[in-house]
Each structure stands twice: as structure tokens, then as C-alpha cells.
Amino acid sequence: MADLGRPASKKSNAKEAKFLSRLVVAPDSNFRFSKRKPDQTFGWDKEGAAVELAELLARIDLLQQKLAAESRQSLLVVLQAIDASGKDGTLRGVFGPLSASGVQVSNFKAPTGAELSHDYLWRGHARTPATGEIAVWNRSHYEDVLIVRVKNLVPEERWRRRYRHIREFEQMLADEGTRIVKINLHISNEQQRARLQDRIDDPNKRWKFRVGDLEDRKLWPKFMKAYEVAINETSTERAPWYVVPAEHKWVRNLAVAHILHHALTEMDPQLPPDDPAMLGVVVE
Ligand code: ADP
């Protein structure tokens, strides 16, 4: 096993970048879910992936501490995906082990009255990460071009303008020092069916199931279309989308950890210089 917490070598960073080029959606690339396999394993095996994930999490932990100590830049991770795709499991498996003081998770539920009485970016803007922090959005402002589009919650002329607003909002955050990565967890229609059924059958998971999930499931083709449009319209150099194969939970977690590690490595946070007054001080 590699030294935990040590920075990764240049070679392994290059390997990581190459791997991520298979997940990222390049701007103007006409992304389609049908071009990707949701049960892809990249030739990994489960045991090896568990070891690699532990190593990566140790490195991410150190990078996160440096990010906090440096306190000049921030990271926003958008986790946006269809029901039962594994958002909660990803939060537990990849972000759960990190220091709670430096990682803020926000859940974007159906908007409240106060949220509805503001513009749709208001609630997200209030939850952007402060310098030194990582914010993870469990669902996001993308709901306002996904469920809102699929269910006609506002007139088309309004949601159509939102792709441009979102690109500009994210560009502004990036200009002001926030790194942005956006992650979509990709599962098949059959996998969603099986997972929803499991939620009904397993008493420990039943609380996760809402009858409304079945109504949303009937709208699967419309959701897929809305996701494809949103991803194509808003995957930019500064705020790229990654589509992660999520049918195997161990593949999903390792892939998301690589996305996080790669972003933090590129941000390259630096520890502040030593205070000369501290040098040589002996604590009694
Ligand atoms: P989750 O499915 O994320 O575990 P919930 O079961 O509470 O959590 O679902 C949250 C619901 O809120 C989802 O159906 C989502 O589409 C909906 N939602 C989130 N944001 C909005 C929005 N801006 N407008 C309408 N519905 C939204």
C-alpha cells in the first residue's frame, strides 16, 4: 500500500487525469447516456478498489486540511442524479470519512415558501462554500432545469433562459475563487426499478421510498432528456460535468473519489508560511 496521506506521484496524477477524461463531458460534445455504460468497471476489482479508495481518502483528507489552512479558495461539488442512483451512498462512502468541519453538505429539497418567493439561484448562492471549505450539494440548482422542465413547473420561456443563467452564475463563482465539479450518477432504468423495489421490500429502507417516486419513474424518458440537455448546455471548462457509472457502488465511490482528488490536486492548496515567532519555541 502507498504511504497514506503523502501527495500522489506525477505519474499517478497523469493516470488519474487520463481516467477522468473517460468520465468528463467535454464542452460541445453532444453527450448521450446511450454512449456510456452504467455498469462499467474499468477493469477494476472490488478488493483492489477498496484499497485504492482508502489511499485516496487519506490523500483527500490531507488536501482538505491544506485547503482549510490556506483559506483562499473553495470547492463546490454538485451531486445531481435521478432517484435511487446512490447520492446518499456516495455522500456516506466518499465525503463521510472527511472532516465534518471542512465539508458542508446541503440537501436541495422541494423549495419552501421563502425559497419560492426568491429567484431560483438564491438558495444555492446562500450555500456556496466559504474560502477554505468544500460544499457538497445533494441535488442542486439543476433541479430548476430538470424536475421543473419535466413537470412544467414554470413556463418554458422561463426555464429555457436558465441554462444561460446557470453558466454565468458558475462562471462568476469560478472567477471569484470557487472550483466547481458536477457529478451525475448514471444508472439504467432497470437498475432504478430494482432499487426502488428493494426499498419497498426491505423494512430498513422503506423510509426512503415515496409513492411519488413511482410517478417520477414513469417520466424516466423525459428526465433522461432533461439531464442530457442540462449536461450539454452547462458542461464548461471551468465547471465540467462528470458522468459516473453508478450501478456498482464500489466503482461509483472510487470514481467520485478520483474526481475529488483530482480537483483538489489541481487547486494545489498551500500551507501558510511558518510564523517566525514560533520557530525554536519550546512548549513547557
Ligand atoms: P432525495 O430524493 O434527494 O433523497 P427527497 O425524497 O426529499 O430527497 O426528494 C427531494 C425532492 O425535491 C425531489 O423529488 C426533487 O426533484 C425535489 N426538488 C428539489 N428541488 C426542486 C425544485 N427546485 N423544484 C421542484 N422540486 C424540487
Side-chain angles (χ1 to χ4, degrees), residues 15-26 29-57 60 77-97 136 138-140 142 146 150 181-202 204-205 208-209 213-214 216-232 235 240-263:
K15 198 172 147 207
E16 183 171 69
K18 193 167 169 212
F19 164 65
L20 292 179
S21 70
R22 298 176 70 179
L23 303 188
V24 78
V25 173
S29 62
N30 192 21
F31 165 76
R32 292 279 173 272
F33 284 111
S34 58
K35 292 183 193 166
R36 309 274 187 109
K37 282 174 62 186
D39 58 354
Q40 170 74 273
T41 59
F42 306 107
W44 300 340
D45 66 84
K46 202 170 173 179
E47 284 84 55
V51 173
E52 201 178 331
L53 179 64
E55 289 172 12
L56 267 181
L57 289 177
I60 292 169
V77 180
V78 170
L79 195 55
Q80 179 69 58
I82 200 123
D83 285 337
S85 56
K87 296 186 293 299
D88 290 337
T90 307
L91 288 171
R92 229 183 355 262
V94 182
F95 297 92
V136 188
N138 180 15
R139 301 187 186 269
S140 65
Y142 282 94
L146 292 167
V150 168
V181 292
K182 301 178 293 198
I183 299 171
N184 175 251
L185 304 177
H186 181 200
I187 60 169
S188 64
N189 181 287
E190 165 53 24
Q191 181 72 198
Q192 188 197 47
R193 188 204 60 72
R195 290 186 184 184
L196 289 176
Q197 187 66 56
D198 188 45
R199 286 184 179 180
I200 295 169
D201 295 345
D202 182 343
N204 288 324
K205 295 188 185 162
K208 290 189 182 185
F209 185 80
D213 292 346
L214 297 179
D216 288 356
R217 180 166 161 69
K218 286 188 197 141
L219 297 169
W220 173 275
K222 286 190 171 174
F223 270 109
M224 290 299 108
K225 167 85 181 153
Y227 268 95
E228 284 180 347
V229 174
I231 289 171
N232 282 315
S235 203
W241 274 105
Y242 293 90
V243 176
V244 169
E247 297 211 355
H248 297 289
K249 295 170 186 172
W250 54 274
V251 173
R252 174 199 75 200
N253 284 358
L254 184 55
V256 171
H258 274 298
I259 294 168
L260 185 59
H261 179 259
H262 176 71

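Bear in mind the structure is a predicted one, so any value in this text is a computation, not a measurement. As a basis for the values below, the full set of heavy atoms in this structure was taken, side chains included, without hydrogen atoms, waters or symmetry mates. Throughout, residue positions are numbered sequentially from 1 according to the sequence presented.
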Side-chain donor-acceptor distances from residues 84-94 under 3.5 Å, at least two apart:
residue	atom	partner	partner atom	Å
Ser85	OG	Ile82	O	2.7
Lys87	NZ	Ala81	O	3.3
Thr90	OG1	Gly86	O	2.7
Thr90	OG1	Arg252	NE	3.1

For this session: List the atom of Leu185, the atom of Ala246, and the distance in Å for their closest heavy-atom pair.
Result: CB-CB, 3.8 Å

Problem set entry | Set of residues satisfying side-chain hydrogen bond (donor to acceptor under 3.5 Å, both in side chains) with respect to Glu190, sequence neighbours excluded | Arg193

For this session: Could you pull out all residues at least two apart from Ser140 that satisfy side chain to side chain contact (heavy atoms under 4.5 Å, CB included)?
Result: Val78, Gln80, Trp137, Tyr142

Problem set entry | Set of residues satisfying side chain to side chain contact (heavy atoms under 4.5 Å, CB included) with respect to Lys225, sequence neighbours excluded | Arg149, Val229

Exercise. So do the side chains of Asn138 and Val136 get within less than 4.5 Å of each other, counting heavy atoms only?
Worked result: no

For this session: Could you please spell out the steps behind the side chain to side chain contact (heavy atoms under 4.5 Å, CB included) verdict for Glu55 and Val51?
Result: CA-CA 6 Å; Glu55 289 172 12; Val51 173; 3.7 Å; yes

Problem set entry | Any residue meeting ring-ring contact (aromatic ring centres under 6.0 Å, His included) with His248, in chain and number order, not counting sequence neighbours | Trp250

Problem set entry | Those residues that, when tested against His186, pass side-chain hydrogen bond (donor to acceptor under 3.5 Å, both in side chains) (two or more places apart) | none

Exercise. Do Gln192 and Leu196 have side-chain heavy atoms sitting under 4.5 Å apart?
Worked result: yes

Problem set entry | Nearest atoms (heavy-atom pairs only) where Arg22 meets Arg36 | O-NH1, 3.3 Å

Exercise. Rounded to the nearest 0.5 Å, how far apart are CG of Asn189 and CE of Met224?
Worked result: 8.0 Å

For this session: Locate the shortest heavy-atom distance separating Val25 from Ser235; write the atom from each residue and the value.
Result: O-OG, 2.7 Å

Problem set entry | Whether over 12 other heavy atoms sit under 6.0 Å from Lys35 NZ | yes

For this session: Mark yes when over 12 heavy atoms from residues, nucleotides or ligands other than Lys208 sit less than 6.0 Å from its NZ; otherwise mark no.
Result: yes

For this session: Give a yes or no answer on whether the side chain of Glu247 reaches the backbone of Ser188 with a donor-acceptor pair at less than 3.5 Å.
Result: yes

For this session: Would you mind reporting whether Leu57 and His261 have side-chain heavy atoms less than 4.5 Å apart?
Result: no

Exercise. What orientation do Phe31 and Phe33 show, parallel under 30°, tilted 30 to 60°, or perpendicular over 60°?
Worked result: perpendicular

Exercise. What is the distance from atom CD1 of Ile60 to atom CG of Leu260, rounded to the nearest 0.5 Å?
Worked result: 4.0 Å

For this session: State plainly whether the residues Asp198 and Lys205 are in salt-bridge range, i.e. N to O under 4.0 Å.
Result: yes

Exercise. Does Arg139 pair with Asp83 as a salt bridge, N-O distance under 4.0 Å?
Worked result: yes

For this session: For the residue pair Val24 and His262, establish whether any side-chain heavy-atom pair is separated by less than 4.5 Å.
Result: no

Seminar exercise, completed: Looking only at heavy atoms, the pair that brings Asn204 and Asp202 closest together is N-OD1, 2.9 Å

Problem set entry | Spatial distance of atom NZ (Lys182) from atom CD1 (Ile259) [nearest 0.5 Å] | 12.5 Å

For this session: Identify, with sequence neighbours excluded, every residue that meets side-chain hydrogen bond (donor to acceptor under 3.5 Å, both in side chains) alongside Lys218.
Result: Glu215

For this session: For Lys37, check side chain to side chain contact (heavy atoms under 4.5 Å, CB included) against everything at least two apart and list the hits.
Result: Asp39, Gln40

Exercise. Which heavy atom of Pro245 sits nearest a heavy atom of Leu23, and at what distance?
Worked result: CD-CD2, 3.8 Å

Seminar exercise, completed: Sorted by chain and residue number, the salt bridge (charged side-chain N to carboxylate O under 4.0 Å, His left out) partners of Arg199 (sequence neighbours excluded) come out as none

For this session: Could you pull out all residues at least two apart from Trp44 that satisfy ring-ring contact (aromatic ring centres under 6.0 Å, His included)?
Result: Phe19, Phe42

For this session: Looking only at non-hydrogen atoms, find the nearest pair between Tyr242 and Val181 and report the distance.
Result: CE1-CG1, 4.0 Å

Exercise. Sequence neighbours excluded, which residues qualify as side chain to side chain contact (heavy atoms under 4.5 Å, CB included) partners of Ile200?
Worked result: Gln197, Phe209

Exercise. By side-chain hydrogen bond (donor to acceptor under 3.5 Å, both in side chains), which residues pair with Thr41, not counting sequence neighbours?
Worked result: none

